[in-house]
Every structure is written in C-alpha cells, then in structure tokens.
Protein chains: 2
Amino acid sequence: MTQNRFTPETTRLDDAARAGWLYYVAGNTQDEIARKLGVSRQSAQRLVAMAVSERLVKVRLDHPIGRCMDLGAALRDRFGLLVAEVAPSDPAAPDLLTGIAIAAAAHLERVLKSPDRRIVSLGTGRNLRAMVEQLPTMACPQHVVVSRLGNMMEDGSATPYNATIRLAERIGAPHYPYPLPVLARDAAELAAMQAQQAARNTIDLCARADLSLVGIGQMDMTAPLHVDGFLSVPEMEQLHRAGAVGEITSWVYDDRGQVIDCDFNRRVASAPLPRGTDRPVIAVALGQAKLPAIRAALIGGLINGLVTSEATAERLLD
Amino acid sequence: MTQNRFTPETTRLDDAARAGWLYYVAGNTQDEIARKLGVSRQSAQRLVAMAVSERLVKVRLDHPIGRCMDLGAALRDRFGLLVAEVAPSDPAAPDLLTGIAIAAAAHLERVLKSPDRRIVSLGTGRNLRAMVEQLPTMACPQHVVVSRLGNMMEDGSATPYNATIRLAERIGAPHYPYPLPVLARDAAELAAMQAQQAARNTIDLCARADLSLVGIGQMDMTAPLHVDGFLSVPEMEQLHRAGAVGEITSWVYDDRGQVIDCDFNRRVASAPLPRGTDRPVIAVALGQAKLPAIRAALIGGLINGLVTSEATAERLLD
DNA sequence: CCATCGGTAGGGCAAATGCCCAATCGCCAA
DNA sequence: TTGGCGATTGGGCATTTGCCCTACCGATGG
C-alpha cells in the first residue's frame with residue numbers, strides 16, 4: 001500500500017474507494033466529496049462511478065421480499081430441496097444475473113465464514129463467475145476450492161468464465177483446477193485419463209465437497225456447450241433425439257433428469273454428479289431458455305438446491 | 001403482487017425492498033420503478049428512501065480503505081473530533097510512518113490549496129517531518145508557517161526533525177521559527193522571554209492558526225523529550241509520579257489529558273495548546289508505545305483531530 | 001351524519017447527478 | 001526539443017432526485 005504509492009492506478013482505486021465510502025456509507029454529496037478530496041465535482045463523480053464499476057461497492061438487500069421467500073419455500077417443498085433462494089426479478093429485464101449472483105454469493109459467503117475446513121466444488125459458466133465477482137475478498141486459507149470439470153478445450157486453450165481460479169484468488173484458498181479436458185476423444189482415452197493420480201485426487205475431492213455450485217446449460221442453439229465449441233450441430237441434434245434437455249458440468253440429461261446413456265456422456269471427463277447426498281449441490285440458473293433444463297434437473301434430483309430469479313421460480317412452479 | 005394489502009406495513013416494506021432492489025441492484029431510475037410498481041414517481045422515491053432508512057440496503061466497501069474510513073468515522077464519533085484520518089497498516093510493519101505521513105500530507109495539501117491566507121502551526125517530531133517530506137512542492141506565498149515550539153537546546157544548538165523550516169521551504173511561504181528555546185531555566189526566565197515582542201508575535205500567530213499539526217510524545221524511556229536531552233531520568237521519574245503519560249509540544253499531561261501543574265510545565269516555553277477551538281488541532285501519531293498518550297490527549301480534548309494508523313485506531317477504539 | 005386528524009399521494013422546484021465534448025496535460029517516440 | 005497521441009480535466013446541459021407543500025383518503029369520535 002505504502003510502497004507502491006507511485007503506481008497511478010492503485011492511488012486512483014484508493015481514491016475511488018474513499019469517494020465510494022463517502023458517497024454510499026457517509027452519504028456525502030459529490031460536491032462535498034470533491035471538496036474533501038480536493039478534486040473537481042466531475043472527478044468526484046468519476047471516482048464514485050469507478051468505485052461502482054470496479055465492484056468496490058457491494059449492495060445487498062437485507063430484506064426477504066415476501067414473494068421471493070414464498071417462492072423459495074414453495075420450491076423447497078415441491079422439489080424436496082435443501083436450499084432455494086429466489087432473487088427479485090426486474091420485470092423489464094427478468095434474466096439479469098446480478099440478482100441471483102448476489103443471492104448465491106451471500107449463500108457461499110455464509111459457508112466460507114466457517115472456521116472449519118470446507119471443500120467447495122464449482123462448475124463453470126457466467127452465472128458462477130458473476131457470483132464470484134459479487135463475493136467480498138475474504139481470507140479463507142482453511143478452505144479448498146476444486147473445479148468439477150476441465151476448462152481446457154481439445155487444443156489446450158482455456159474456456160472463459162473460470163470461476164474456480166477466481167474464487168480461490170479472492171478468498172486466498174488453495175485450489176484444484178480440473179486436470180483433464182472437458183471431453184475425452186472416446187471412452188478408452190477417458191479411462192486412461194481418469195487413472196492418473198491427479199485426476200483421481202480431484203474427483204475424490206469433488207465427491208467429498210461440502211458445497212457444490214453448478215450452472216445449468218440448455219440444449220438449444222444457444223447451448224453453452226455448443227457456443228464454447230464442445231458440441232457440433234450434428235452431435236446436438238443426435239442428443240436432442242435421445243431426449244436431451246439440459247446439462248450440468250457437461251453431463252447431458254433428459255426431461256426426467258436422467259443422465260442419458262450415450263456416446264457423448266461416455267466422453268465427459270467431469271467429476272460425476274453427486275446423487276442423494278445431504279450436502280448441498282446448488283444450481284445457479286435462471287431464464288426462459290433454461291426452464292426445461294432446470295425443471296428436469298429438479299425432478300431428477302440432479303441437484304438439491306437452486307438459486308434462481310423470481311420470474312423463473314414462478315414458471316417452475318406452474 | 002402489490003395488491004394484497006392484508007398487512008399494510010409488511011406490504012409496504014416489501015415494496016420498499018423491491019424498489020430498493022430495482023434501484024440499487026438493477027440500476028433502474030425512480031421513474032422506471034414507479035411505472036413497474038404502478039405508483040407515482042414520488043412514491044417510488046419514498047420507497048427507495050424507506051429501503052435505505054430501514055436499513056434494508058446494506059452497502060459494503062470491498063477495499064482496505066473502507067475499513068480505514070469506518071475506523072476514522074468511529075474515532076470522530078467517539079472522541080468528537082473534527083478530523084480523523086486512518087491510514088492502512090502493513091501487518092508486518094504496523095508502525096511504519098510512511099502511511100500516516102502520506103495521509104497527513106494529503107490533508108495538509110488540501111488546506112494549502114486554498115487561495116486565501118492560512119496560518120499553519122507545526123510542532124516537531126519525525127512524524128511531522130515525514131509528513132512534510134511527502135508533500136509535493138507547491139507555490140503558496142499566501143500562507144504562513146509558524147512553529148509552536150523552539151528547536152534550540154539550552155546551549156543554542158538545534159534539534160533535528162524541524163518540520164517548520166522544511167515546510168516553509170517546500171511551499172515557498174514565509175515562516176516564523178519559534179524565537180525561544182524549548183525550556184526556560186525557571187518560571188521567571190520564561191516570563192522574561194515571553195515578554196519579548198518576537199515571542200508575543202509568534203505565540204499570537206499560533207493562537208490564531210487555521211491549522212495546527214503536532215506530534216505526540218510518550219513518557220517512557222524512549223520519550224522524545226528524554227532522547228533529545230530535555231528531560232533527565234530523575235525528572236522523568238518525577239513526572240511519572242505526577243501521572244504523566246504523554247506530551248504535546250512539550251506540554252506534559254496525565255491520563256485524563258490534563259496538562260500537569262508541575263515544575264517542568266512551568267518551564268515549557270512552547271505556545272499554549274489551543275483549547276476548545278473550532279480550528280483543527282491535529283495530532284499525527286501511531287504505535288503501541290504512544291497509545292496511552294494518544295488516548296489521553298483525545299479524552300482531554302488537547303487535540304480535535306488525529307491522523308493515525310489502522311492498528312492504532314483499532315486499539316484506541318477498544 | 002359530520003368534523004377532525006393522521007397519513008399518504010402528487011405537483012412543483014431546486015439541488016444533485018450523469019454524461020457529452022472541447023481543452024489541457026503528460027508521456028513517448030522521433 | 002518537438003510533435004503527436006491517449007488520458008484526464010472541467011464546462012455545460014439534460015436528466016434524475018430530494019423535498020416542501022397542498023389536496024385527498026380513510027378512520028375515528030362526537
């Protein structure tokens with residue numbers, strides 16, 4: 001802090017933090033902030049805006065909105081869930097992920113506050129990534145973060161939205177990236193991969209995870225698996241014919257929430273989904289497009305927790 | 001969703017929460033919220049205000065500065081201070097003075113930016129000296145810098161850490177060194193000294209200072225007064241017995257922040273400490289050793305401003 | 001039945017805010 | 001040293017927000 005006072009962006013962020021504090025915590029006007037910091041009003045405005053855009057200020061709504069609580073209770077009841085959090089929807093932008101990101105982050109934060117060691121396993125996807133961005137920086141060296149699936153494509157490049165690394169950085173915990181690619185070429189190669197010690201370790205950690213957070217992928221043309229290049233159009237059509245409606249950490253399942261017995265799933269290198277566990281396996285998902293996938297995952301018991309939006313919760317309960 | 005008003009106050013808080021969510025999380029304007037909730041713009045404004053006043057929205061600042069600002073606010077509140085700046089501590093070197101030097105320099109700089117004449121009075125000590133070193137060179141011929149105490153020892157030699165001269169050089173302002181030694185031989189000599197016109201002028205300037213910056217000295221074996229040779233071991237033991245815990249510009253005070261009525265203080269030639277003024281009298285001090293001295297000065301109202309470190313601020317608030 | 005009263009809604013306006021744009025500053029390469 | 005270029009600054013202005021004030025609504029009591 002003191003030694004790199006000459007790096008402009010650090011000082012600037014500091015000032016942004018100060019401005020953000022004066023604005024949001026102390027309730028100063030931007031004019032007052034400008035005077036106190038010795039800058040112009042416009043600069044103060046920029047600093048406040050920067051504090052927001054750099055995610056230094058985190059706003060949390062500490063009131064269970066009755067309707068969302070009701071929906072959450074209904075979801076827990078209907079689908080036998082351990083956890084169901086419902087965040088308010090903006091009617092005009094019902095698929096905004098900030099809301100569920102904050103709700104999921106609040107839940108994760110509660111687990112991370114434990115002084116005892118917790119194993120947290122994560123999937124991928126922008127919902128999880130957004131969740132991690134909403135998490136405050138904490139010092140949690142006692143916990144372990146592990147990825148449930150690879151982020152390497154076949155050519156060795158990495159997919160974006162890696163939540164695991166980001167979370168581990170943010171909370172200062174040791175982390176285990178998944179040491180295999182997303183897909184093997186065939187079942188034989190997969191078996192060989194999974195025989196490696198590192199893979200066995202990681203898969204074992206995933207099986208023992210105290211909390212698992214995953215995304216849910218739909219199986220239409222906007223499917224994450226397709227967009228990220230893991231699934232060609234012919235392959236997807238084939239999966240459709242086999243009844244695929246969604247996927248969790250690449251495991252493709254049908255409308256009853258059964259993982260489909262097919263060539264694709266035999267190539268999936270991700271950690272197996274825990275079944276019938278009493279430890280939370282929570283999906284963070286929302287949106288019309290994912291509705292059938294979420295519903296199927298709930299019916300089939302692929303997950304025992306859900307963080308979603310008000311609008312999605314309503315449709316799930318229809 | 002808003003029309004079942006079975007319990008008005010619950011529904012109202014719900015709406016407030018929803019409005020707060022739409023405003024702070026979804027980033028809607030109050031007009032949009034009004035349309036979405038089917039109320040007038042003014043009502044939406046009231047709902048958002050209620051969400052804030054009912055503490056439904058919680059803002060957190062995810063930056064080390066945030067904690068410092070909180071501590072500063074707590075110090076101002078607890079001790080009724082005009083100014084309280086808290087600089088982040090490096091846990092490995094909590095007593096490093098670079099941090100508070102920068103913070104104090106930033107505060108001083110804001111005052112110096114004024115186009116109107118300001119009288120700045122300074123104490124001595126390495127904290128103030130470090131502060132001046134952190135100040136950028138500015139051209140401030142409109143201001144006046146005056147020392148609150150002498151820097152001559154009885155033999156006429158000068159003490160180190162003279163902040164006044166250095167500050168005046170750096171900002172190109174006229175300055176008034178203190179025209180008396182630190183200590184007179186006795187009360188009679190002191191009275192004679194203070195009768196001189198130059199002394200009267202300087203003391204008057206100190207009394208009218210728009211900003212005063214002082215250090216705080218502890219009263220153990222590492223006491224600045226002792227190290228610099230103004231206080232022999234027997235004298236210090238005597239002061240200890242009289243309850244001395246600290247000194248500001250050589251005025252020795254007890255644990256309630258009362259300047260002690262004793263021989264030593266009757267020889268102190270420094271300008272009197274301003275009492276109950278609305279102009280800032282700010283101490284720049286940190287460290288475990290100075291803790292009792294700082295606390296007593298705050299309690300007794302010897303100062304109305306403090307620049308300190310995070311670690312020291314925490315201990316002061318215990 | 002009406003008068004009163006506490007509280008809420010909405011008009012209006014001043015203050016605060018967000019943002020575009022031209023001017024300036026600082027930096028780097030020539 | 002100079003010229004160019006990107007970043008930053010502050011002016012100006014439209015929009016948004018906070019708040020005062022009056023009107024209205026429903027409840028309560030006479």
Side-chain angles (χ1 to χ4, degrees), chain A residues 4-59 61 63 66 90-93 96 98, chain B residues 1-59 61 65 106 109-110 112-115 134-140:
Chain A
N4 44 16
R5 75 185 200 85
F6 298 110
T7 62
E9 72 284 352
T10 302
T11 304
R12 226 177 134 60
L13 259 191
D14 281 4
D15 282 346
R18 261 186 271 274
W21 189 91
L22 289 167
Y23 191 72
Y24 288 106
V25 181
N28 284 302
T29 72
Q30 297 183 353
D31 261 314
E32 292 171 313
I33 296 170
R35 269 197 301 279
K36 287 181 186 176
L37 264 43
V39 297
S40 71
R41 211 267 305 163
Q42 292 85 340
S43 299
Q45 197 271 333
R46 279 184 199 106
L47 288 173
V48 173
M50 178 182 295
V52 174
S53 67
E54 297 294 320
R55 304 180 187 284
L56 297 181
V57 291
K58 302 233 164 85
V59 182
L61 201 63
H63 180 72
D90 179 349
L96 192 74
T98 318
Chain B
M1 63 194 68
T2 52
Q3 46 277 72
N4 322 358
R5 14 195 101 244
F6 298 118
T7 52
E9 73 286 350
T10 303
T11 304
R12 212 171 147 67
L13 262 190
D14 269 13
D15 282 348
R18 182 171 293 278
W21 190 90
L22 289 168
Y23 190 69
Y24 288 106
V25 180
N28 283 303
T29 71
Q30 297 183 354
D31 260 317
E32 293 171 311
I33 296 169
R35 272 197 300 280
K36 286 172 187 174
L37 296 184
V39 297
S40 72
R41 209 268 301 164
Q42 291 84 343
S43 300
Q45 196 271 329
R46 278 183 200 107
L47 288 173
V48 173
M50 178 182 297
V52 174
S53 67
E54 297 293 323
R55 316 218 171 270
L56 299 183
V57 291
K58 297 231 167 103
V59 181
L61 198 68
I65 294 290
E109 187 182 341
R110 284 196 284 278
L112 294 176
K113 272 188 181 156
S114 159
Q134 292 296 337
L135 204 69
T137 47
M138 315 166 62
C140 306

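Bear in mind the structure is a predicted one, so any value in this text is a computation, not a measurement. Just so it is clear: chains get the letters A, B, ... in the order the sequence lines come, proteins before strands, and each one is counted from 1.
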Does [X] have any side chain to side chain donor-acceptor pair (under 3.5 Å) partners at least two apart in sequence or in another chain, and if so, which?
| X | answer |
| --- | --- |
| B/R35 | none |
| B/W21 | none |
| A/S43 | A/S40 |

For A/R46, all residues meeting salt bridge (charged side-chain N to carboxylate O under 4.0 Å, His left out), sequence neighbours excluded: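 Residues passing salt bridge (charged side-chain N to carboxylate O under 4.0 Å, His left out) with A/R46: none at all.
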Which residues share a salt bridge (charged side-chain N to carboxylate O under 4.0 Å, His left out) with A/K36, sequence neighbours left out: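 Per chain and number, A/K36 pairs via salt bridge (charged side-chain N to carboxylate O under 4.0 Å, His left out) with no residue.
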A/L13 and A/M50: CA distance, side-chain angles, deciding distance, side chain to side chain contact (heavy atoms under 4.5 Å, CB included) verdict: CA-CA 8 Å; A/L13 259 191; A/M50 178 182 295; 4.3 Å; yes
Under 3.5 Å, which protein N or O atoms sit close to an N or O of nucleotides 11-16 of chain C? Give each pair with its distance.
{"residue": "C/dG11", "atom": "N7", "partner": "B/Q42", "partner atom": "NE2", "Å": "2.7"}

Measure [atom1]/[X] against [atom2]/[N] and give the value in whole Å, please.
| X | N | atom1 | atom2 | result |
| --- | --- | --- | --- | --- |
| A/L47 | D/dA7 | CG | P | 17 Å |
| B/R35 | C/dG10 | CZ | C1' | 16 Å |
| B/N28 | D/dT15 | CG | P | 18 Å |
| A/Q45 | D/dC13 | CD | P | 18 Å |
| A/E32 | C/dT17 | CD | P | 9 Å |

Short side-chain N/O contact to C/dT8 OP1/OP2 from B/S43, under 4.0 Å: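 For B/S43, the contact criterion (side-chain N or O under 4.0 Å from OP1 or OP2 of C/dT8) is not met.
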Terminal axis angle for the helix from C/dC1-D/dG30 to C/dA30-D/dT1, five pairs an end, nearest 10 degrees: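 Inter-axis angle at the termini of the helix from C/dC1-D/dG30 to C/dA30-D/dT1: 20°.
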Pairs satisfying salt bridge (Lys or Arg N to Asp or Glu O under 4.0 Å), at least one member in residues 50-59 of chain B, at least two apart: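 Matches after skipping sequence neighbours: A/D62-B/K58.
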Partner residues of B/P136 under the side-chain contact (heavy atoms from CB on, under 4.5 Å) criterion, sequence neighbours left out: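 By the side-chain contact (heavy atoms from CB on, under 4.5 Å) rule, B/P136 matches B/E109, B/M138.
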